[in-house]
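Only a predicted model underlies this, so the values are computations on that prediction, with no experimental measurement involved. In what follows, chains are A, B, ... by sequence order, proteins preceding strands, each numbered from 1. Heavy-atom basis, side chains included; hydrogens, waters and symmetry copies ignored.
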Number of protein chains: 2
Amino acid sequence: MSQLTQGELEVMQILWEHGELKPSEIQDNFPRSIKNPALRSVLGVLLDKGHVSRRQVGKAFLYKAKTRRESAFRSMLGHLADQFCQGSTRALLFNLVQSEKLSAQDIAELERIAKAASGTKSQSPKTTRVKSQKGN
Amino acid sequence: MSQLTQGELEVMQILWEHGELKPSEIQDNFPRSIKNPALRSVLGVLLDKGHVSRRQVGKAFLYKAKTRRESAFRSMLGHLADQFCQGSTRALLFNLVQSEKLSAQDIAELERIAKAASGTKSQSPKTTRVKSQKGN
DNA sequence: AACAATGTGTAGAAGTTACTGCACATGGGG
DNA sequence: CCCCATGTGCAGTAACTTCTACACATTGTT
């Protein structure tokens, strides 16, 4: 499935956050001013690409994200890895760890998360929930 | 500086790898078939955007990458973090660590790299100096 | 029934990326 | 000097993204 452009991504973010919306509601939640037909133009592209679905309710269409946020994220990350890390997200990760300035505490946290995620002998399998915090 | 497109990135990769080249040489190293004027069109865009410089030698132009590979990588990674991790590459890193399936060995390696890069005082800070990336 | 509000459909313009074709310039070998 | 290979300059096409303008349809209210 083809990559999301900037504008398409802006729309997807709103759908991921709010669920099922009609165009005017997306407009209301848009980070910048956008005219209705311009927005619908983007929605049309997203529909063609299969990233959203829509259903008619009354006279309006409700749009819903079909591609999951995590999938889109992974896809874009994978694309970046293709370009800069021989296609390996792992190599990308190592690169990132190397260039980020991490505190000892960060590193400990990192290790805990890694172990919990690998599902092996984790020391304290508490709620190491980090996920995509969208506390908007 | 504006983001690199797919085609622009393909050209940059070759310049990063080979140094200073003239268009026909870039063509020879191109992963797919591309006609000379098409390539020069991309080079022109890269020149406008400031990502490459060129100098005339004889009757030909030699093109050289001006933006460093690491800078472009970090920039694109930052862009991705803006979209999916509230602008924090650190959050992106944590997310990645969580979703990658890492072996215990990977985790140990990760920790080693992290500590070396951060130059912490928890261990022997031997080869701390990894790289000094400065903004281009 | 007429009207305003809301929402859709369609047409199309502007900018960018990616590409093609062709004419022109320069430098070495006959 | 003429020819030809290499390389540039320039004009223009095609697809895509983003956006605008405007007409038409539906619903609720008066």
Measure the distance from [atom1] on [X] to [atom2] on [N] and round it to the nearest whole Å.
{"X": "B:Gln56", "N": "D:dT6", "atom1": "CD", "atom2": "C1'", "value": "14 Å"}
{"X": "A:Lys35", "N": "C:dT10", "atom1": "NZ", "atom2": "P", "value": "21 Å"}
{"X": "A:Asn36", "N": "D:dC19", "atom1": "CG", "atom2": "P", "value": "13 Å"}
{"X": "A:Leu9", "N": "D:dT17", "atom1": "CG", "atom2": "C1'", "value": "14 Å"}
{"X": "A:Leu43", "N": "D:dT18", "atom1": "CG", "atom2": "P", "value": "12 Å"}
{"X": "B:Arg54", "N": "D:dG9", "atom1": "CZ", "atom2": "C1'", "value": "10 Å"}
{"X": "A:Tyr63", "N": "C:dG7", "atom1": "OH", "atom2": "P", "value": "12 Å"}
{"X": "A:Leu39", "N": "C:dG7", "atom1": "CG", "atom2": "P", "value": "12 Å"}

Of the listed nucleotides [options], the one nearest the side chain of [X]:
{"X": "B:Arg32", "options": "C:dC19, C:dG9, D:dG7", "answer": "C:dC19"}
{"X": "B:Lys22", "options": "C:dT8, D:dG7, D:dT20", "answer": "D:dG7"}
{"X": "A:Ser41", "options": "D:dG7, C:dC19, D:dC19", "answer": "D:dC19"}
{"X": "A:Gln6", "options": "D:dC22, C:dG7, D:dT18", "answer": "D:dT18"}

Note to self: Any base atoms under 4.0 Å from B:Thr5, or only sugar-phosphate, or nothing? Heavy atoms, all strands.
What the structure shows: sugar-phosphate
Is B:Leu39 reachable from B:Leu46 through a run of hydrophobic residues whose side-chain heavy atoms are each under 4.5 Å from the next? yes
Note to self: Any N or O donor-acceptor pair under 3.5 Å from the base of D:dG7 to the side chain of B:Arg40?
What the structure shows: no
Between the CE atom in A:Met12 and the CD1 atom in A:Ile14, the distance rounded to the nearest 0.5 Å is 11.0 Å
#### Entry: Nearest-0.5 Å distance that lies between atom CD in B:Glu10 and atom CG in B:Leu4
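Rounded to the nearest 0.5 Å, the CD-CG separation comes to 11.5 Å.
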**Prompt:** More 5' along DNA chain C: B:Val45 or B:Ala38, using each one's nearest nucleotide?
**Reply:**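 Here B:Val45 is the residue nearer the 5' end.
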For A:Arg74 and A:Thr89, the nearest pair of non-hydrogen atoms, with its separation, is NH2-OG1, 4.3 Å
Smallest heavy-atom separation, A:Leu92 atom then A:Leu77 atom, equals CD1-O, 3.9 Å
For A:Gln105, I'd like to know if atom CD has over 12 heavy atoms of other residues, nucleotides or ligands within 6.0 Å.
no
Sub-3.5 Å pairs of nitrogen or oxygen atoms, protein against nucleotides 23-30 of chain D:
residue, atom, partner, partner atom, Å
D:dT26, O2, A:Lys59, NZ, 3.1

Please report, to 0.1 Å, the donor-acceptor pairs under 3.5 Å made by any side chain of residues 56-68 of chain A, with sequence neighbours excluded.
residue, atom, partner, partner atom, Å
A:Tyr63, OH, A:Arg54, NH1, 2.9
A:Thr67, OG1, A:His51, ND1, 2.7

Phosphate oxygens OP1/OP2 of D:dG7: is one of them under 4.0 Å from a side-chain N or O of B:Ser24?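 Yes, such a contact exists.
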